[in-house]
Amino acid sequence: PVVNWEPIVAPPPTRPKVPYEPPHWAQAGSGLFCFEVLRGGLHIDTVRMRSADPSIMFVSVGRADCDIVCAHASVSRYHAVLQFGSPRNDPNVVFAAKPTGEPVVMYIFDLGSTHGTRINKRVIPVKKFVATYEGDHVTFGESSRIYVVSRHGANPAERSVANGAA
C-alpha cells in the first residue's frame, strides 16, 4: 500500500501573555541587546534578545511562560520586562538614560515581583522603568546568576578585541 505523508506544520510561535502593556514611547529594539550570563564568576550563557519579528518592543522575564525563563524559585512567574525605547516626560521612568547618542535604550520594569530585581546590587523600584547601560549587572530574585547587559550582541572577548584590549 502507498502511504501519503503530510508534513506536520507547527503552529506559529506565540508570545507569552504577560500582564503588561508597553508605554506609548516603546520602540522595537530587541535585536540590539543581549545578556551575558555569569554564575560563580564564570560565563555560562549568552541570551540574545533577537526575534524573528523585528517589531518586538519588550522581552518578558519570569519563572515560566516568558521570553527569558529563570528557573530559580525566588523568580516570580511574571517577574520583569525589558522595555526598549526612548521615553519623554513619563512619570514612571525613574532613572532616565544617560545621553549616549543611542536611539533606543533598554529599561527594566519590575512587574511587582516578590523578591525584587537588582541592577548593580541595588533593588529597583517596582513598576518603574529603570535604564540599563552596557556592563550593568542585573539579578532577578535571589538567583545567583548575573545577567550582564551588552549591546549589539558582542560577547566580552569580542568587545575587548574590538577595543584593542587584551
Side-chain angles (χ1 to χ4, degrees), residues 15-23 25-51 56-87 90-100 102 104-160 162-163 165:
R15 295 223 49 224
K17 302 292 184 214
V18 178
Y20 173 77
E21 198 62 42
W25 48 263
Q27 292 176 278
S30 62
L32 300 175
F33 302 92
C34 76
F35 277 140
E36 302 296 338
V37 186
L38 308 177
R39 184 174 183 194
L42 299 174
H43 181 268
I44 61 167
D45 197 7
T46 299
V47 178
R48 300 192 189 284
M49 292 176 229
R50 297 189 197 282
S51 170
I56 296 298
M57 292 185 263
F58 71 90
V59 172
S60 59
V61 179
R63 200 173 58 246
D65 195 32
C66 288
D67 298 311
I68 298 175
V69 175
C70 302
H72 197 274
S74 68
V75 174
S76 296
R77 181 173 181 186
Y78 301 113
H79 195 96
V81 165
L82 310 174
Q83 178 63 65
F84 311 105
S86 299
D90 186 332
N92 290 318
V93 176
V94 181
F95 303 108
K98 294 182 220 176
T100 60
E102 299 288 349
V104 178
V105 175
M106 184 174 78
Y107 291 83
I108 297 184
F109 184 88
D110 187 294
L111 292 166
S113 65
T114 304
H115 297 284
T117 302
R118 291 168 183 76
I119 298 178
N120 299 325
K121 299 183 181 179
R122 299 180 69 178
V123 177
I124 66 169
V126 173
K127 300 203 178 202
K128 300 287 182 184
F129 295 97
V130 181
T132 63
Y133 307 102
E134 179 90 25
D136 277 352
H137 290 199
V138 179
T139 55
F140 301 101
E142 301 301 322
S143 174
S144 62
R145 291 182 185 208
I146 298 170
Y147 295 80
V148 182
V149 177
S150 179
R151 260 189 98 77
H152 306 294
N155 69 36
E158 289 170 344
R159 282 196 303 275
S160 63
N163 294 334

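A distance-only check finds no donor-acceptor pair linking the side chain of S150 to the backbone of C34 [under 3.5 Å]. Of the possible polar contacts, none joining the D110 side chain to the A80 backbone as a donor-acceptor pair under 3.5 Å is found. A distance-only check finds no donor-acceptor pair linking the side chain of S113 to the backbone of S76 [under 3.5 Å]. For N120 (side chain) and H137 (main-chain N/O), a donor-acceptor pair under 3.5 Å exists by modelled atom type. Distance alone, capped at 3.5 Å, is enough to place a donor-acceptor pair between the Q27 side chain and the S86 backbone.
Legend: residues meeting ring-ring contact (aromatic ring centres under 6.0 Å, His included) with F140, ordered by chain and number and at least two apart, are H79, Y147. R118 meets the side chain to side chain contact (heavy atoms under 4.5 Å, CB included) test with V123, T139, E142; sequence neighbours excluded. With sequence neighbours excluded, the residues forming a side chain to side chain contact (heavy atoms under 4.5 Å, CB included) with V47 are F35, V37, D45, I68, listed by chain and number.
Between the NZ atom of K127 and the CG atom of N92 there is a distance of 10.0 Å, given to the nearest 0.5 Å. Once rounded to the nearest 0.5 Å, the distance linking OG1 of T132 with CG of L82 reads 8.0 Å.
Residues V18 and S60 approach most closely at CG2-CB, 3.3 Å, considering heavy atoms. Listed here is the closest heavy atom pair of D90 and P23: OD2-CB, 4.2 Å. Closest approach of V149 and Y133 over heavy atoms only: CB-O, 3.5 Å. Residues P19 and L111 come closest through the heavy atom pair O-CD2, 4.0 Å. Across all non-hydrogen atoms, the minimal contact from S74 to S143 is OG-N, 3.7 Å. Considering all non-hydrogen atoms of both residues, M57 and Q83 come closest at O-NE2, 2.8 Å.
Checked options F84, Y107, F58; the residue passing with W25 is Y107 (criterion: ring pair (Phe, Tyr, Trp, His ring centres under 6.0 Å)). Remark: of the listed residues I108, I119, V130, I146, I119 is the sole one forming a side chain to side chain contact (heavy atoms under 4.5 Å, CB included) with D136.
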Next on the checklist: One pair to check against side-chain contact (heavy atoms from CB on, under 4.5 Å): C66 and V61. What are the steps and the verdict?
Outcome noted: CA-CA 6 Å; C66 288; V61 179; 5.7 Å; no
Next on the checklist: What verdict does the side-chain contact (heavy atoms from CB on, under 4.5 Å) test give for F109 and T117, after you've listed the backbone C-alpha separation in whole Å, the side-chain angles of each residue and the deciding distance to 0.1 Å?
Outcome noted: CA-CA 9 Å; F109 184 88; T117 302; over 6 Å; no
Checklist entry - What do the steps show when you test R145 against I44 for side-chain contact (heavy atoms from CB on, under 4.5 Å), and what is the final call? => result CA-CA 9 Å; R145 291 182 185 208; I44 61 167; 3.8 Å; yes
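For the pair R151/L32, a side-chain contact is recorded, criterion being any heavy-atom separation below 4.5 Å from C-beta on.
In this structure, F129 and Y20 have perpendicular ring planes: the angle between them is above 60°, well past the 30° mark.
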